[in-house]
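So the structure is just underneath, and the comments pick up after that.
Each residue takes its place number in the sequence, starting with 1. Heavy-atom basis, side chains included; hydrogens, waters and symmetry copies ignored.
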Amino acid sequence: MNKSVFLGAVAAASVGATGIAFADGHSGSTLATVQERGSLNCGVTTGVPGFAEPDSDGVWQGFDVAVCRAVAAGVLGDPTAVTFVPTTGKTRFTALASGEIDMLARNTTWTFSRDTDLKFDFVGVNYYDGQGFMVPADLGVSSATELDGATVCIQTGTTTELNLADFFRVNGMSYEPVPIETGAEAVQQYLAGACDVYTTDRSALAAQRAGFEDPDGSVILPEVVSKEPLGPLVRHGDSEWGDIVRWTLNALITAEELGVTKGNVEEMAAAPGDNPEINRLLGTEGELGAMIGLEADWAKNAIAAVGNYGEVFDTNIGESTAIGLARGLNAQYTDGGLIYSPPFR
């Protein structure tokens with residue numbers, strides 16, 4: 001969501017130069033920096049319900065927030081040792097490249113240019129999504145192909161903006177963009193009637209509509225016009241740190257597959273059973289933690305802090321929540337989804 005692409009020559013050069021400056025001026029490992037600091041600086045969105053948003057007490061909660069807390073638990077032994085840095089589509093990549101944040105966990109789409117030209121490493125996918133359209137129910141529209149001439153709230157400098165242009169061009173339609181900076185501003189403008197349509201990732205549309213005074217007054221149209229594999233990312237050039245964030249996400253995924261939960265992980269670690277992969281995951285067998293510079297129980301600590309992938313999904317955005325998202329593509333591969341972790345061995 002809020003997917004800034006920095007594809008212009010000036011923007012790309014600027015971010016690339018920032019990345020080079022970071023590499024030259026911060027030659028130490030990110031792991032050592034985080035451990036010395038005693039906290040993880042994690043970039044998140046400015047606020048999307050269910051994914052990343054401070055609660056009434058100012059404590060950040062959500063599906064993406066859980067990834068940050070899991071990394072902090074694995075690296076520092078404390079899931080609360082996180083400084084959350086809200087970022088917009090325009091600021092998130094600069095914040096990561098400059099070293100202001102250690103990792104970015106804010107519904108960011110994995111694309112070719114971001115992975116290569118902007119010098120970032122995506123460590124995996126924690127949510128498979130696609131761009132959609134939301135309209136007022138009383139507009140009487142049932143398909144995005146009926147939106148010719150519509151005004152569209154769109155976050156500037158994003159892949160959402162590019163996908164929108166492609167969709168209207170392919171369908172021979174015109175539209176008038178209403179530029180906005182953040183999801184909160186988009187909702188405000190949409191509800192105020194400043195645009196006929198709001199477009200972004202379908203998960204964000206569902207999350208934001210759930211908070212409307214009249215959710216049934218808005219309809220998410222059936223079209224999915226893009227692939228949006230969303231996941232955490234880190235800077236190029238520090239493979240050890242990339243491995244830590246990648247395998248922390250994989251630990252949560254593997255835990256669900258193997259039946260390790262927030263409620264039973266301590267017991268399973270204290271009394272290892274006959275499943276060698278569970279034992280390796282929880283650090284009671286093998287030396288996996290040492291291979292990435294962490295304690296043997298790093299993954300156990302991550303799971304104990306936030307639960308397994310399914311628990312994180314169900315608690316924050318699942319069908320029993322106000323957001324009400326089905327697992328769909330985000331089910332485990334054993335249930336017909338795309339969520340899949342390499343083996344812990």
In Å, rounded to the nearest 0.5 Å, how long is the span from CG of D201 to OG1 of T108? 9.5 Å
Between R92 and I101 the two heavy atoms that sit nearest each other are O-CD1, 4.2 Å
Donor-acceptor under 3.5 Å (T199 side chain, G132 main chain): yes
Is there a path of hydrophobic side-chain contacts, each under 4.5 Å between heavy atoms of I/L/V/M/F/W/Y residues, joining L147 to V178? no
Looking only at side chains, do T159 and T109 share a donor and an acceptor under 3.5 Å apart? no
Salt-bridged, K300 to E266, with N to O below 4.0 Å? yes
Indicate the atoms forming the closest heavy-atom contact of L118 with F93, along with that distance. CD1-CD1, 4.1 Å
Salt bridge present between D129 and K227 (N-O < 4.0 angstrom): no
Does any part of the side chain of T30, heavy atoms only, come nearer than 4.5 Å to the side chain of E240, both counted from C-beta? no
Closest heavy-atom pair and its distance - A322, A210: O-CB, 3.4 Å
Ring-face cation of R327 near F313 (centre distance under 6.0 Å, axis angle within 45°): yes
Whether over 12 other heavy atoms sit under 6.0 Å from E295 CD: no
With sequence neighbours left out, what residues match T145 under side-chain contact (heavy atoms from CB on, under 4.5 Å)? S143, F167, N171, E223
Work out which heavy atom in N308 is nearest to a heavy atom in V260; give both atom names and the distance. ND2-O, 2.9 Å
All heavy atoms of S218 vs all of F212, minimum pair found to be OG-CE1, 3.7 Å
Set of side-chain contact (heavy atoms from CB on, under 4.5 Å) partners for P177, sequence neighbours left out: I154, Y175
May I ask you to decide if N279's main-chain N or O and T284's side chain share a donor-acceptor pair within less than 3.5 Å? yes
Stepwise salt bridge (charged side-chain N to carboxylate O under 4.0 Å, His left out) test for D102 and R37: CA-CA 11 Å; D102 306 308; R37 186 194 304 131; 2.7 Å; yes
Check whether D314 reaches the backbone of E311 with its side chain - one donor and one acceptor, N or O, closer than 3.5 Å. no
Look only at the side chain of T45 and the backbone of V48, and say whether a donor-acceptor pair between them is shorter than 3.5 Å. no
Euclidean distance, I220 CD1 relative to R202 CZ, rounded to 0.5 Å: 6.0 Å
I'd like to know if the side chain of D78 and the backbone of T80 have a donor-acceptor N/O pair within less than 3.5 Å. yes
Within the distance-only criterion (no hydrogens, no angle test), does the side chain of T321 pair as donor or acceptor with the backbone N or O of G318 below 3.5 angstrom? yes
Counting neighbours of OH on Y340 that are heavy atoms of other residues, nucleotides or ligands and sit closer than 6.0 Å, is the number greater than 12? no
Can you measure from OG (S29) to CD1 (I244) and round to the nearest 0.5 angstrom? 8.0 Å
Which atom pair, heavy atoms only, marks the closest approach of S39 to T83? OG-OG1, 4.1 Å
Here the gap from Y198 atom OH to Q189 atom CD, rounded to the nearest 0.5 Å, amounts to 11.5 Å
Lys/Arg-Asp/Glu bridge criterion (N-O < 4.0 Å) met for D166, R169: no
E181 and K90 ion-paired at < 4.0 Å: yes
